[in-house]
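Data first, discussion second: the structure below is written as structure tokens.
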Amino acid sequence: MADPTTQSAQISSSLNASSTKESSYYVMKMVYWRDPKKSAVAFGMSLLVLVSLATFSVISVVSYLLLALLCVTITFRVYKSVIQAVQKSDEGHPFKVLMEKDLTVQPETFRKYVDVCLTYVNHAVKQARHLLLVEDLVDSLKLAGFMWLMTYVGAVFNGITILILADIIFFSTPLVYEKNKTQIDKYIELIRTRVEVTLAKLQDKLPGAVKRTKAE
């Protein structure tokens, strides 16, 4: 008979995997515009918030968003109260269904997301050590080249502008790629081949000691 602890761990792992797949499915459904209305709302709201952050301070944006939400909820509450008074109905609070929902974060859910975040953090730390301590000279040179390019990007765009562009790319690129997959894959493969050839030539010119370190 299987150990109950092992069974519990297996069940928890299965649930975590199922939840992750479900979340990924909803994200993919959103960025591929399977439901145009929901995707348009998500894209519009995210873009509005980012543009607002580029114009106003974070405190102002949060205050305006909460103020707008309160205006909507208060107006709706007053409207429903007036309607109930006129019709002499006893429907109760208009947000009763939402108020009765359990919004507390369960310990299992919290631990699951902490474990996922911890996995990414550990991976990032290992990659940082690998690149910054020059465990592989070619990889470190790639990072140096990328950071050099980013200095030019940073001189033209600020952080919020980059986030706005990333938001637009996030909601537009998957749809464009889906419609032009064949042509895009051909160009990506061509670029990848040229990069690999260039890196191979660069590696051949490296000192022998460095190449031996890489092979080890």
Side-chain angles (χ1 to χ4, degrees), residues 9-10 12-28 30-32 43 46-47 49-51 53-54 57-58 108-178 180-216:
Q10 291 175 346
S12 177
S13 177
S14 176
L15 291 174
N16 292 346
S18 176
S19 178
T20 302
K21 289 182 179 179
E22 186 177 357
S23 301
S24 301
Y25 169 76
Y26 282 118
V27 171
M28 296 299 292
M30 189 76 67
V31 298
Y32 279 101
F43 176 55
S46 60
L47 191 60
V49 170
L50 290 174
V51 171
L53 288 173
S57 67
V58 176
E108 296 79 7
T109 304
F110 180 77
R111 283 195 293 268
K112 179 189 71 174
Y113 286 107
V114 168
D115 291 340
V116 172
C117 292
L118 186 60
T119 301
Y120 285 113
V121 168
N122 289 334
H123 179 71
V125 169
K126 289 180 180 179
Q127 285 298 317
R129 181 182 63 184
H130 170 77
L131 295 170
L132 297 177
L133 299 183
V134 199
E135 183 178 350
D136 186 326
L137 182 59
V138 174
D139 289 343
S140 296
L141 288 174
K142 289 180 185 178
L143 177 64
F146 179 73
M147 290 295 103
W148 177 71
L149 291 175
M150 290 303 293
T151 59
Y152 288 94
V153 174
V156 178
F157 305 105
N158 57 28
I160 292 296
T161 305
I162 293 175
L163 288 177
I164 292 173
L165 293 174
D167 186 58
I168 296 173
I169 292 172
F170 181 74
F171 278 94
S172 61
T173 302
L175 192 60
V176 173
Y177 175 75
E178 187 178 38
N180 304 277
K181 186 176 185 301
T182 304
Q183 296 90 335
I184 293 175
D185 285 344
K186 181 176 69 175
Y187 287 114
I188 291 176
E189 181 64 23
L190 180 63
I191 294 172
R192 187 182 66 83
T193 302
R194 290 186 178 181
V195 170
E196 288 180 352
V197 171
T198 303
L199 290 176
K201 291 180 180 179
L202 176 62
Q203 188 174 1
D204 290 338
K205 295 179 181 180
L206 293 176
V210 174
K211 288 191 284 188
R212 283 197 298 271
T213 302
K214 179 177 177 56
E216 294 173 355

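The analysis underlying the following values was restricted to heavy atoms, covering all of them including side chains, and did not include hydrogens, waters or symmetry mates.
At most 12 non-hydrogen atoms from other residues, nucleotides or ligands lie less than 6.0 angstrom from CZ of Arg194.
The OG1 atom of Thr161 sits 11.5 Å away from the CG atom of Leu53 when rounded to the nearest 0.5 Å. Of the inter-residue distances, the one linking Asn122 atom CG with Leu118 atom CG reads 4.5 Å to the nearest 0.5 angstrom. Rounding to the nearest 0.5 angstrom, the gap separating the CG atom in Leu141 from the CG atom in Leu131 is 10.5 Å.
Using a distance-only test at 3.5 Å, with no hydrogens or angles considered, no donor-acceptor pair links the side chain of Asp167 to the main chain of Leu163.
Shortest non-hydrogen contact noted between Val134 and Ser140 is CA-OG, 3.3 Å. Smallest separation of non-hydrogen atoms from Pro174 and Ile169: CD-O, 3.8 Å. Residues Phe157 and Leu165 come closest through the heavy atom pair CE2-CD1, 4.1 Å. Scanning both residues, Ile168 and Phe43, for their nearest heavy atoms gives CA-CE1, 3.9 Å.
Salt bridge status for Lys112 with Glu108: absent, with no side-chain N to carboxylate O gap under 4.0 Å. By the 4.0 Å N-to-carboxylate-O rule, Glu189 lies too far from Lys186 to be salt-bridged with it.
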Step by step, work out the side-chain contact (heavy atoms from CB on, under 4.5 Å) result for Val27 and Phe170. CA-CA 11 Å; Val27 171; Phe170 181 74; 4.1 Å; yes
Going through the checks in order, is the side-chain contact (heavy atoms from CB on, under 4.5 Å) test met by Leu143 and Met147? CA-CA 6 Å; Leu143 177 64; Met147 290 295 103; 4.1 Å; yes
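Under the 4.5 Å side-chain criterion, counting only non-hydrogen atoms from C-beta, Tyr113 is in contact with Thr109. Looking only at side-chain heavy atoms (C-beta outward), Ser46 and Phe171 come within less than 4.5 Å of each other. Using a 4.5 Å heavy-atom threshold, the side chains of Lys142 and Val138 count as touching.
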